[in-house]
Amino acid sequence: MESKRVEDAHKSLVLIDTSVDTFYRAIRPIMMFGQLFSLFPVSGLWKKDSDKVRFRWVSLRTIYFFYVALFQVMSIGLAMRRLFRLGLGFATFAAVFFYIVTLYGGLIVFRLGQRWPTLVRRIERTERIFIHTPYRQVGWPMHLRIRVVSFALILGAIAEHLLYIFAKYINAETQLQVCNLNIPTYEHFLRTERRHIYSVIPYQATLAIIIEWANICTTIYWSYFDIIVTMFSLSIAYRMRQLSDRMRRVRFKAMPDAFWIEIRVHFTDLTNLLEFLDKKLSNLIILVCGSNLYFICQQLFNSFSVPPEKLNNVYFWCSLLYVIVRALTMLFCAASINEAAKEPYQLLKALPYTSWSVEIQRFSDQLISEVIGFSGKRFFFITRKLILALIGTIVTYELVLLDHVAEAPEIVQKSCRIAYIAESNMTA
């Protein structure tokens with residue numbers, strides 16, 4: 001009781017808005033936006049109460065998800081067909097890898113949707129502790145942090161894809177003008193960019209719209225995987241900081257054992273929640289870390305043969321920059337859990353010797369006994385050391401490329417060789 005009175009007397013206490021500062025309410029807008037692209041096939045998101053959210057096998061959202069999944073399966077098959085016929089290369093393998101990553105990641109998110117009621121209830125059980133006094137808001141509210149970071153990445157993904165469409169459409173239009181070809185620009189653009197599909201399936205305008213929308217959804221999937229890991233990471237790290245903030249407010253006061261027992265119990269609740277979420281997200285974490293590393297290395301390799309046209313050049317470097325920023329954002333947000341979990345130990349070390357007790361020693365031992373953070377099936381933990389190792393790997397790869405890859409000759413973008421026609425003749 002004494003510890004409660006000491007904390008409640010703290011005049012700078014910033015109360016939490018419990019109506020919005022929960023994980024579910026923070027991510028609702030991001031989930032609802034994702035549903036436009038077939039992610040999160042659950043119903044009831046428009047309701048503020050998480051108990052109303054349900055997964056149903058028979059629903060338009062589930063059908064919508066399987067429509068995109070069917071496109072991804074078809075694309076994997078057709079991209080592999082192209083790879084076998086034209087030979088293994090970065091360009092042919094990249095398409096296969098991209099569709100495999102988005103299909104597998106989409107299935108992981110689908111499974112999360114199936115278990116969403118259980119998942120949210122488990123989060124809210126622990127969260128209930130931290131949305132009331134003696135805990136308080138630390139810096140920006142949690143919901144604001146999650147939404148700002150998530151929507152910034154979403155807008156980046158949309159801008160990157162629009163720039164891609166614009167650049168490739170201008171390429172197609174220029175080629176048609178130079179070669180004096182009588183083909184609709186939109187058809188030429190799609191048949192060039194999706195030639196693994198239209199070399200097998202006859203082009204039809206209605207079918208092309210259906211296929212292209214599924215491809216847009218697939219592209220948004222790719223960014224949403226990082227966003228999902230980022231949202232969970234920001235939530236856990238914020239709760240860790242709330243606990244550290246509570247300790248910091250009483251660091252110059254002699255607190256009874258009951259206070260430290262409560263702190264240790266709340267910290268254990270957080271680590272148990274983290275372990276629960278880690279089991280659900282480990283496959284997705286491995287997927288996003290591996291795919292981001294692959295695509296960054298691939299784009300670095302492609303940087304030796306960037307098209308000379310200004311628009312293509314701008315698109316290439318903007319695309320590479322976005323992938324790097326997205327990957328680093330996800331990694332630093334996930335690593336912030338490990339950094340936030342270290343703060344209580346630093347605060348304990350600063351306590352005067354006269355305040356030390358058996359309960360504080362137990363809490364100290366718990367803090368240093370394990371690595372706290374998201375992991376990839378416990379093969380690796382996302383920490384700042386891991387980020388440094390990944391950056392070192394990428395830099396080493398780039399140095400090897402600089403040493404072994406000769407400068408590519410300038411690519412003639414205005415060639416009258418129509419790629420999808422040439423490939424159709426080759427594979428006929």
Side-chain angles (χ1 to χ4, degrees), residues 27 30 34 39 72 76 90 93-112 146 149-150 152-154 156-157 160 218-237 240 274-302 319-341 370-398 400-401:
I27 69 169
I30 297 104
L39 283 163
Q72 291 166 341
I76 291 170
F90 256 131
F93 180 72
V96 177
F97 186 75
F98 173 75
Y99 288 116
I100 289 175
V101 166
T102 50
L103 174 63
Y104 182 53
L107 291 174
I108 294 173
V109 177
F110 182 78
R111 289 288 291 164
L112 286 177
I146 290 175
V149 174
S150 299
L153 293 177
I154 290 169
E160 188 269 346
T218 299
T219 304
I220 297 299
Y221 272 32
W222 184 36
S223 293
Y224 250 93
F225 301 152
D226 290 84
I227 292 168
I228 290 168
V229 176
T230 299
M231 292 191 300
F232 280 100
S233 299
L234 288 172
S235 171
I236 296 294
M240 289 281 187
L274 178 63
E275 185 177 354
F276 171 80
L277 293 175
D278 189 55
K279 291 177 181 177
K280 304 297 182 186
L281 297 173
S282 279
N283 289 332
L284 188 62
I285 289 170
I286 292 174
L287 187 74
V288 295
C289 289
S291 62
N292 284 338
L293 184 61
Y294 171 82
F295 282 114
I296 290 172
C297 289
Q298 182 203 18
Q299 289 295 79
L300 288 174
F301 178 82
N302 291 337
S319 176
L320 176 58
L321 179 64
Y322 171 70
V323 174
I324 292 174
V325 169
R326 187 189 67 197
L328 287 178
T329 300
M330 182 275 294
L331 288 170
F332 274 109
C333 288
S336 69
I337 296 175
N338 182 258
E339 293 301 309
E370 59 182 335
V371 179
I372 298 171
F374 276 135
S375 72
K377 289 291 184 183
R378 300 281 163 170
F379 289 116
F380 61 87
F381 287 85
I382 302 182
T383 64
R384 290 192 176 182
K385 289 182 179 179
L386 176 72
I387 298 173
L388 184 62
L390 289 174
I391 292 173
T393 300
I394 293 170
V395 170
T396 302
Y397 173 78
E398 180 68 4
V400 170
L401 287 180

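- Here the side chains of I27 and I146 are in contact, with some heavy-atom distance below 4.5 Å.
- Although no hydrogens or angles enter the test, the distance criterion places no donor-acceptor pair under 3.5 Å between the side chain of S235 and the main chain of M231.
- Sorted by first and then second residue, the side-chain hydrogen bond (donor to acceptor under 3.5 Å, both in side chains) pairs involving residues 275-291 (not counting sequence neighbours) are D278-S375.
- Residues L300 and L320 meet the side-chain proximity criterion, which asks for heavy atoms closer than 4.5 Å.
- Residues in residues 319-335 take part in these side-chain hydrogen bond (donor to acceptor under 3.5 Å, both in side chains) pairs, two or more places apart or across chains: E160-S319, S223-Y322, S223-R326, D226-R326, N292-R326.
- Considering every non-hydrogen atom in both I30 and S150, the closest pair reads CG1-CB, 3.7 Å.
- Judged purely by atom type and a 3.5 angstrom limit, Y224 uses its side chain to pair as donor or acceptor with the backbone of G34.
- For the atom pair I220 CD1 and T102 OG1, the distance stands at 12.0 Å (nearest 0.5 Å).
- With Y397 contributing its side chain and F301 its backbone, the two residues share no donor-acceptor pair below 3.5 Å.
- Counting heavy atoms from C-beta outward, Y99 and L103 have side chains that stay 4.5 Å or more apart.
- The line from CD1 of I108 to CD1 of I228 is 9.5 Å long, rounded to the nearest 0.5 Å.
- Residues A335 and R384 approach most closely at CB-N, 3.9 Å, considering heavy atoms.
- With rounding to the nearest 0.5 angstrom, the CD1 atom of I286 is 11.5 Å from the CG atom of L281.
- Side-chain contact between N338 and I382 is absent, with no heavy atoms from C-beta onward closer than 4.5 Å.
- A distance of 9.5 Å separates CD1 of I296 from CD1 of I391, quoted to the nearest 0.5 Å.
- In this structure, I337 and F381 have side chains that are not in contact, with every pair of non-hydrogen atoms separated by 4.5 Å or more.
- Between S233 and C333 the shortest heavy-atom distance is CB-O, 3.4 Å.
- Side-chain contact between F225 and V109 is present, with heavy atoms from C-beta onward closer than 4.5 Å.
- The line from CG of L331 to CD1 of I285 is 10.0 Å long, rounded to the nearest 0.5 Å.
- A pairwise comparison of heavy atoms in T219 and F98 identifies CA-CZ, 4.0 Å as the closest pair.
- A search for side-chain contact (heavy atoms from CB on, under 4.5 Å) contacts involving F93 returns L83, L88, F97, Y294, not counting sequence neighbours.
- Considering only heavy atoms from C-beta on, C289 comes within 4.5 Å of M330 through its side chain.
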